[in-house]
Amino acid sequence: MFTTETALKEAMTAIDGALGAALVDYSSGMALGTLGGNKELDLNVAAAGNTDVVRAKVRTMEMLGLKSEIEDVLITLNDQYHLIRLLKSRNNSGLFLYLALDKEKANLAMARHQLKRIEAELDI
Amino acid sequence: MTVEPDVLDELARLRARVPRLTGAFAAGTDGRVLAGDTTDAAAAHLAAFGVDVLEAALRLSDAAGQGLAHEFLVHGEGGYVAAYAAGPSAVLTLLAEPRVNVGRLHLEGRRSGARIGELLGGALERLENS
């Protein structure tokens with residue numbers, strides 16, 4: 001079982017090209033934990049900003065009448081991938097894992113697989 | 001002071017940037033309201049109240065050995081009240097709905113508080129130099 005700290009550590013070490021990771025409560029936009037990041041990547045700013053991304057998508061799906069649920073969101077930059085994985089287990093709803101990746105070093109399929117694995121192990 | 005329109009502009013910008021914000025006020029630490037931007041006119045007296053509470057928070061933080069308090073956040077059943085220091089002589093008080101993005105509220109509130117502090121500081125300097 002992963003705690004917030006060990007889950008973020010696992011994301012940063014097990015996923016190639018990881019630049020920063022955060023566990024975010026999207027009812028408040030606040031991060032429960034952050035790891036990595038740098039001057040250009042302020043993870044608390046990312047937590048608040050990506051909360052708006054998740055809320056907008058949830059609202060859009062409601063308006064479209066889609067009954068399905070979001071598994072993850074991928075945002076592709078010129079040089080980075082940003083992955084948002086919404087947590088689904090009974091204790092972790094209302095949270096998402098946010099991961100920024102270096103596009104050159106990352107394997108997107110593997111990164112998504114690893115995030116899914118970390119989510120399954122996470123218990124807050 | 002001619003700074004008031006600038007402060008009002010800053011409050012309007014803040015309201016535009018943070019969804020679910022229902023009110024924004026800047027008040028001097030003497031309790032005088034410098035500028036307010038809200039849909040609820042009756043809420044303006046809250047600005048002076050915010051100053052009192054931030055000063056109490058400042059004493060609490062100081063007594064607890066945590067140094068100067070810069071801000072506080074109150075989570076009520078019907079929403080949030082937050083206040084941020086705006087330079088040494090003013091306080092920015094914000095009202096928000098329960099579903100507000102608190103992370104964004106903090107980021108924008110701190111930035112806006114600092115900006116209002118600069119505007120007021122600049123006005124004070126001009127007054128002293130005139």
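Keep in mind it's a predicted model, so treat the numbers as computed, not measured.
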Worksheet item: Under a 4.5 Å heavy-atom cut-off, does chain B meet the side chain of A:V24, its backbone, both or neither?
Response: neither
Worksheet item: Between CE of A:M30 and CG of B:L73, what distance do you get to the nearest 0.5 Å?
Response: 7.0 Å
Worksheet entry | A:L8 reachable from A:M1 in the ILVMFWY side-chain graph, under 4.5 Å edges | no
Discussion item. Can you give me the closest heavy-atom contact between B:G103 and A:A48, atom names plus distance?
Written reply: C-CB, 3.7 Å
Item to complete: Would you kindly confirm whether A:L87 and A:L74 end up in one hydrophobic cluster when ILVMFWY residues are joined by side chain heavy atoms under 4.5 Å apart?
Response: yes
Discussion item. Check for me, please, whether B:L107 and B:I116 land in the same ILVMFWY cluster - side-chain distances under 4.5 Å, paths through other members count.
Written reply: no
Discussion item. Taking atom CE as the centre, does A:M63 end up with more than 12 heavy-atom neighbours from other residues, nucleotides or ligands that are less than 6.0 angstrom away?
Written reply: no
Compile the donor-acceptor pairs, distance criterion under 3.5 Å only, formed between chain B and chain A.
from: B:R99; atom 1: O; to: A:R55; atom 2: NH1; distance (Å): 2.7
from: B:R99; atom 1: O; to: A:R55; atom 2: NH2; distance (Å): 3.1
from: B:N101; atom 1: ND2; to: A:A48; atom 2: O; distance (Å): 2.8
from: B:N101; atom 1: ND2; to: A:D52; atom 2: OD1; distance (Å): 3.1
from: B:V102; atom 1: N; to: A:S28; atom 2: O; distance (Å): 2.5
from: B:G103; atom 1: N; to: A:S28; atom 2: O; distance (Å): 3.0
from: B:R104; atom 1: NE; to: A:D52; atom 2: OD2; distance (Å): 2.6
from: B:R104; atom 1: NH2; to: A:D52; atom 2: OD2; distance (Å): 2.8

Discussion item. Around atom CE of A:M61, are there more than 12 heavy atoms from other residues, nucleotides or ligands closer than 6.0 Å?
Written reply: yes
Item to complete: Taking atom CZ of A:F2 as the centre, report whether more than 12 heavy atoms of other residues, nucleotides or ligands fall under 6.0 Å from it.
Response: yes
Discussion item. In this structure, would A:V45 and A:L19 fall into the same cluster of hydrophobic residues linked by side-chain contacts under 4.5 Å?
Written reply: no
